Student: 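Pasting a structure here, questions to come.
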Amino acid sequence: MPTEPMTGWPTVAFVGLGHMGQPMARRLLGSGVPVRGFDVAAAARDAWAAAGGTAFGSAADAAAGADVVILMLPDSGVVEAVIDSGGFLDAVRPGATVVDMSSSEPERTRTLAERLAARQIRLVDAPVSGGVARAETGELAIMVGGSDADVAPVLGLLELMGRAFRAGPVGAGHAVKALNNLMSATHLLITAEAMLAGERFGIDAEAMLAIVNASSGRSGSTQNKWPNFVLPGTFDSGFALRLMLKDMRIAAGLAASLQSPCGLGERAVQVWAKAAAELSPTADHTEIARWLREAATRTTEIGT
Ligand code: NAD
């Protein structure tokens, strides 16, 4: 059994070493934090080991003896599957903190917090924004839900990966994250529509972007996604379209459960769902722009 060196940091188990988890766990490792890594994919474990990390054979093995268990998994379903996987809950020691940094469903997070509390395990939700690029530089925006007593001991760790913002009680981070992505996805879609209309009017795409980025229509889509992933035609932001659609559905569902109006958001969900059905399951979310352009050559009415 590998042992961790003595440091001033808590021992961290990091479960989910994918596009985001891998660079986030590497930030911790590079800061001297003892990190016990696990991912169900052998390729991810190999990449982690190649980066100097210690890879374990199961989530339970990674969690054994850890003070903090960080989850960076696709969604609530996978988070719950890991929590309920063989021996996991018995391996997490009472008093330890599980930090779910995945973009999960706020209501399921609250339910999970109650389950874990019955075993004296704390739950903090801390989803992130900023993508792979900001995961690599440790400049993520981290949206933290949980009680002050539960959050305080893990804030130092979170600050190694980005800037932590308190959102409210447990589940609030996950709510803000989903709502943020509904806004982001809707910006990206309206940018695709507006850029296409501009192109059809004969306007150069770079000229239009430069104008919009000095004007009131700018957003993360026009300032980052369009110049870096759409115009160059690389569509390689590292954030899957199916994960964006998952977040949009969480946000629209949350609004519906609160009787909060979400007509534009629901319309955006419909269009993104159509794109997801027509694109590869591994498509990057920035491919919504390419899809919209191609769909527009087949029909003038998009998304119906
Ligand atoms: P990803 O699919 O690249 O990584 C998820 C990892 O979880 C994979 O390596 C997969 O093998 C692993 N996994 C799946 N089931 C598992 C299990 N049962 N046990 C252990 N490991 C398991 O996804 P990602 O892009 O890293 O995103 C992770 C989370 O962060 C998602 O909730 C996503 O919505 C969110 N997010 C992603 C980005 C981004 O830019 N990629 C940005 C912000 C938030």
Side-chain angles (χ1 to χ4, degrees), residues 13-27 36-49 51 53 55-63 69-88 91 98-106 108-109 125-137 139-143 161-163 173-185 188 220-221 224-225 228-229 235-251 272 276 280-287:
F14 206 113
V15 181
L17 299 165
H19 283 99
M20 293 296 286
Q22 190 81 227
M24 289 162 66
R26 287 184 194 188
R27 290 283 313 170
R36 303 160 64 91
F38 174 68
D39 192 292
V40 76
R45 293 197 302 274
D46 291 347
W48 171 241
F56 288 79
S58 72
D61 286 349
V69 180
I70 296 180
L71 307 177
M72 194 50 174
L73 297 161
D75 56 33
S76 284
V78 179
V79 165
E80 289 161 6
V82 166
I83 297 282
D84 292 324
S85 64
F88 180 84
V98 173
V99 183
D100 183 12
M101 302 192 77
S102 331
S103 303
S104 304
E105 295 172 46
R108 288 169 81 167
T109 299
D125 49 312
V128 305
S129 183
V132 173
R134 280 165 56 189
E136 283 168 352
T137 58
E139 294 175 300
L140 293 167
I142 308 178
M143 312 163 197
M161 294 179 277
R163 181 169 171 202
H174 282 151
V176 174
K177 171 61 191 176
L179 293 165
N180 175 81
N181 274 19
L182 181 62
M183 294 166 70
S184 170
L188 192 55
S221 296
N224 172 26
K225 294 176 185 181
N228 292 326
F229 309 113
F235 303 105
D236 60 350
S237 78
F239 182 41
L241 191 139
R242 70 185 155 76
L243 290 178
M244 179 64 104
L245 177 59
K246 174 249 326 180
D247 293 341
M248 296 172 76
R249 285 179 163 144
I250 294 171
W272 277 80
S280 141
T282 59
D284 192 85
H285 79 290
T286 55
E287 288 191 52

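Note that the structure is predicted; figures quoted are calculated from it, not measured. Atoms within a ligand are numbered from 1 in the order they appear, just like the ligands themselves.
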Student: Okay, side chain of N224, backbone of G220: is any donor-acceptor separation there less than 3.5 Å?
Tutor: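 No; zero donor-acceptor contacts below 3.5 Å.
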Student: Could you tell me the separation between the CE atom of M161 and the CG atom of L140, rounded to the nearest 0.5 Å?
Tutor: 8.0 Å
Student: Where is the nearest protein heavy atom to atom 21 (N) of ligand 1: which residue, which atom, and how far?
Tutor: V40 N, 3.2 Å
Student: In terms of atom number and element, which parts of ligand 1 are under 4.0 angstrom from non-hydrogen atoms of G131?
Tutor: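 Checking each atom against G131, I get 40 (O).
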Student: Say whether, by atom type as modelled, one donor and one acceptor occur between the side chain of W272 and the main chain of A185 under 3.5 angstrom.
Tutor: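 Yes, because the side chain of W272 sits within donor-acceptor range (under 3.5 Å) of the backbone of A185.
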Student: Return the closest protein heavy atom for atom 26 (O) of ligand 1 as residue, atom name and distance.
Tutor: M20 N, 2.9 Å
Student: Once rounded to the nearest 0.5 Å, what's the spacing between atom OG1 of T286 and atom CE of M244?
Tutor: 9.5 Å
Student: About how many Å separate CD of E80 and CG of L73, when rounded to the nearest 0.5 Å?
Tutor: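 If we round to the nearest 0.5 Å, L73:CG and E80:CD are 11.5 Å apart.
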Student: Is it true that a side-chain atom of S184 and a backbone atom of N181 form a donor plus acceptor pair closer than 3.5 Å?
Tutor: no
Student: For the CD atom of E287 and the OG1 atom of T282, what is their distance to the nearest 0.5 Å?
Tutor: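 Spacing of CD (E287) from OG1 (T282) equals 7.5 Å.
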Student: List the closest protein heavy-atom neighbour of atom 34 (O) of ligand 1: residue, atom name, distance to the nearest 0.1 Å.
Tutor: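 Checking every protein heavy atom, the shortest distance to atom 34 (O) of ligand 1 gives K246 NZ, 2.9 Å.
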Student: Taking heavy atoms and a distance under 4.0 Å, where does L243 meet ligand 1: side chain, backbone, both or neither?
Tutor: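 Within the 4.0 Å criterion, L243 contacts ligand 1 through side-chain atoms alone.
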Student: Do you know the tightest heavy-atom contact between V99 and A126?
Tutor: CG1-CB, 3.8 Å
Student: Return the residue, atom name and 0.1 Å-rounded distance of the protein heavy atom closest to atom 4 (O) of ligand 1.
Tutor: G18 CA, 3.4 Å
Student: Judged by non-hydrogen atoms, does P74 sit under 4.0 Å from ligand 1?
Tutor: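 P74 counts as a contact of ligand 1 under the 4.0 Å cut-off.
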Student: Within the structure, is a non-hydrogen atom of A81 found at a distance of less than 4.0 Å from ligand 1?
Tutor: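 A81: no contact with ligand 1 (<4.0 Å).
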Student: Select one of side chain, backbone, both or neither to describe which atoms of M101 lie under 4.0 Å from any atom of ligand 1, heavy atoms only.
Tutor: neither
Student: Which residue owns the protein heavy atom closest to atom 29 (C) of ligand 1, what's the atom, and how far is it?
Tutor: L73 O, 3.3 Å
Student: Decide whether an N or O pair under 3.5 Å exists between S129 and ligand 1.
Tutor: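 No, there is no polar N/O contact under 3.5 Å.
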Student: How far is atom 35 (C) of ligand 1 from its nearest protein heavy atom, and which residue and atom is that?
Tutor: S103 OG, 3.4 Å
Student: Measure across S103 and K246 and return the closest heavy-atom pair with its distance rounded to 0.1 Å.
Tutor: O-NZ, 3.0 Å
Student: Quick one: CE on M72 to CD on Q22, what's the gap to the nearest 0.5 Å?
Tutor: 12.0 Å
Student: Could you tell me whether S102 and ligand 1 have an N or O pair separated by under 3.5 Å?
Tutor: no
Student: List every atom of ligand 1 that sits less than 4.0 Å from any heavy atom of G238, numbering the atoms from 1 in the order shown and giving each element.
Tutor: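 That gives atoms 25 (O), 39 (C), 41 (N) of ligand 1.
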Student: Measuring from atom 39 (C) of ligand 1, which candidate in F88, W48, F239 has the nearest non-hydrogen atom?
Tutor: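 Ranked by closest heavy atom to atom 39 (C) of ligand 1, first place is F239.
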Student: Under 3.5 Å between some N or O of ligand 1 and some N or O of F38?
Tutor: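 Not met; the criterion fails.
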Student: Taking N or O atoms only and a 3.5 Å limit, does K177 qualify as a polar contact for ligand 1?
Tutor: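 K177 vs ligand 1: no N/O contact under 3.5 Å.
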Student: Which bit of V78 is near ligand 1, meaning a heavy atom under 4.0 Å away: side chain, backbone, both or neither?
Tutor: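 Under 4.0 Å from ligand 1, V78 contributes side-chain atoms alone.
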Student: Examine distances only and state if a side-chain atom of D247 and a backbone atom of I250 form a donor-acceptor pair shorter than 3.5 Å.
Tutor: no
Student: Return yes or no for this condition: an N or O of A44 is under 3.5 Å from an N or O of ligand 1.
Tutor: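 Min N/O separation from ligand 1 is not below 3.5 Å for A44.
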Student: Among all the protein's non-hydrogen atoms, which is closest to atom 2 (O) of ligand 1, and how far away is it?
Tutor: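 The answer is R242 NH2, 4.0 Å.
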Student: Would you check if the side chain of D284 reaches a backbone N or O of G238 as a donor-acceptor pair within less than 3.5 Å?
Tutor: yes
Student: Check for a donor-acceptor pair, side chain of R45 on one end and backbone N or O of D39 on the other, with a separation under 3.5 Å.
Tutor: yes
Student: Looking only at distances, please establish whether an N/O atom of ligand 1 is found under 3.5 Å from an N/O atom of H19.
Tutor: yes
Student: To the nearest 0.5 Å, how far apart are NE2 in H285 and NZ in K225?
Tutor: 3.0 Å
Student: How close do M143 and S129 get, heavy atom to heavy atom, and via which atoms?
Tutor: CE-CB, 3.6 Å
Student: Can you sort out which atoms of ligand 1 are near M72, meaning under 4.0 Å from one of its heavy atoms?
Tutor: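 Within the 4.0 Å cut-off of M72, ligand 1 contributes 29 (C), 30 (O).
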Student: Is Q22 near ligand 1, meaning one of its heavy atoms is under 4.0 Å from it?
Tutor: no
Student: With only distance considered, is V128 within less than 3.5 Å of ligand 1 through an N or O on each side?
Tutor: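 It does not: no N or O of V128 is found under 3.5 Å from an N or O of ligand 1.
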Student: What atoms of ligand 1 come closer than 4.0 angstrom to any heavy atom of V82?
Tutor: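 Atoms satisfying the 4.0 Å criterion: 17 (C), 18 (N), 19 (N).
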Student: Among protein heavy atoms, which sits nearest to atom 8 (C) of ligand 1, and what does the distance come to when rounded to 0.1 Å?
Tutor: D39 OD2, 3.4 Å
